[in-house]
Amino acid sequence: MSKKIVLLGPPGCGKGTQSKLLVSKNDFIQLSTGDLLRAATSDKNSHIGQEIKKIMEEGQLVPDNYVIDLIVKKVTSLKDKNIIFDGFPRNLNQAKFLDKSLETSSLKLDFVIFFKIEYEVLEDRIKNRVKESSELRSDDNLETLKNRINIYKKSTLPILEHYRNKDIIHEVNAMDLVENVYDNILKIIE
Ligand code: AMP
């Protein structure tokens with residue numbers, strides 16, 4: 001049976017890093033709405049692409065209809081694969097939509113991994129990234145991070161309750177070493 005897993009946590013908590021490990025060492029496909037959106041905004045001639053780029057640079061959420069459309073096409077074509085949802089869902093509407101679209105293929109989410117981390121650690125991480133990385137994303141700055149954390153608290157955290165009711169939430173300490181977080185995720189999903 002294929003596995004469907006959501007990685008849930010604030011920006012900078014390490015969801016992307018763990019997704020990439022699960023893809024390279026285990027048989028998973030990563031569906032990152034952030035990556036899909038960045039690809040969709042790379043066309044400078046696309047008016048909608050440039051509007052979405054601006055929303056992302058401000059750290060706001062891209063409208064649901066756009067994100068849902070991107071994801072639904074992928075879910076349908078990948079339904080027999082092990083999938084990690086990275087950065088989706090980000091609000092309750094998206095979470096309910098994901099449940100429904102899996103249901104239509106007789107599937108359901110198996111695990112939601114909640115990355116627990118203190119907000120101060122996220123600020124330290126972004127400050128280091130700005131100092132050390134030569135490949136900064138356009139939303140890699142302290143101002144946008146603060147916006148993104150506020151939106152995370154307001155829109156994304158309420159999803160936890162939705163998944164708690166389904167009894168599929170598992171918590172990992174995202175302040176631990178990358179390899180320990182990875183081991184803990186494996187213990188949950190295997
Ligand atoms: P990420 O790469 O997951 O950190 O996402 C980068 C940005 O893309 C976010 O700050 C949002 O502007 C946008 N984004 C990514 N996923 C979603 C989503 N599920 N819903 C709305 N906006 C999203």
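Whatever order the structure lists them in is the order used to number ligands and atoms, beginning at 1. In this chain, numbering begins with 1 at the start of the sequence shown.
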### Query
Strictly under 4.0 Å, does any heavy atom of Arg137 approach an atom of ligand 1?
yes
### Query
So which protein heavy atom does atom 11 (C) of ligand 1 come closest to, and at what separation?
Gln60 O, 3.4 Å
### Message
Under a 4.0 angstrom heavy-atom cut-off, which atoms of ligand 1 come close to Gly87?
### Response
16 (N), 17 (C), 18 (C), 19 (N)
### For atom 7 (C) of ligand 1, closest protein heavy-atom neighbour
Met56 CE, 3.8 Å
### Query
For ligand 1, is there an atom lying under 4.0 Å from some heavy atom of Arg38?
yes
#### Entry: Distance filter under 4.0 Å to Val67 heavy atoms, resulting ligand 1 atoms
18 (C), 19 (N), 20 (N), 21 (C)
### Message
Among residues at least two apart in sequence or on other chains, which ones pass salt bridge (Lys or Arg N to Asp or Glu O under 4.0 Å) with Lys116?
### Response
Glu171
### Task
Kindly confirm or rule out an N or O of Gln94 lying under 3.5 angstrom from an N or O of ligand 1.
yes
### Task
Check Asp139 against ligand 1 and report side chain, backbone, both or neither, counting heavy atoms closer than 4.0 Å.
side chain
### Message
Salt bridge check, Arg164 against Glu161: does any charged N sit closer than 4.0 Å to a carboxylate O?
### Response
yes
### Query
Does the distance from a Lys or Arg side-chain N to an Asp or Glu carboxylate O, for Lys187 and Asp183, drop under 4.0 Å?
no
### Query
Below 4.0 angstrom, N of the basic side chain to O of the carboxylate: do Arg38 and Asp35 qualify?
yes
### Query
Does one side chain, of Gln94 or Asp64, offer a donor that lies under 3.5 Å from an acceptor on the other?
yes
### Task
For residues Lys44 and Gln50, report the shortest heavy-atom separation together with the two atoms involved.
CA-NE2, 3.4 Å
### Query
Given Asn93, Leu37, Thr33, Val62, which has its nearest heavy atom closest to atom 14 (N) of ligand 1?
Leu37
### Query
Out of Arg90, Arg148, Lys54, whose heavy atom sits nearest atom 17 (C) of ligand 1?
Arg90
### Task
Could you work out the complete set of other residues in the hydrophobic cluster of Ile151, with links drawn between I, L, V, M, F, W and Y side chains under 4.5 Å apart?
Leu61
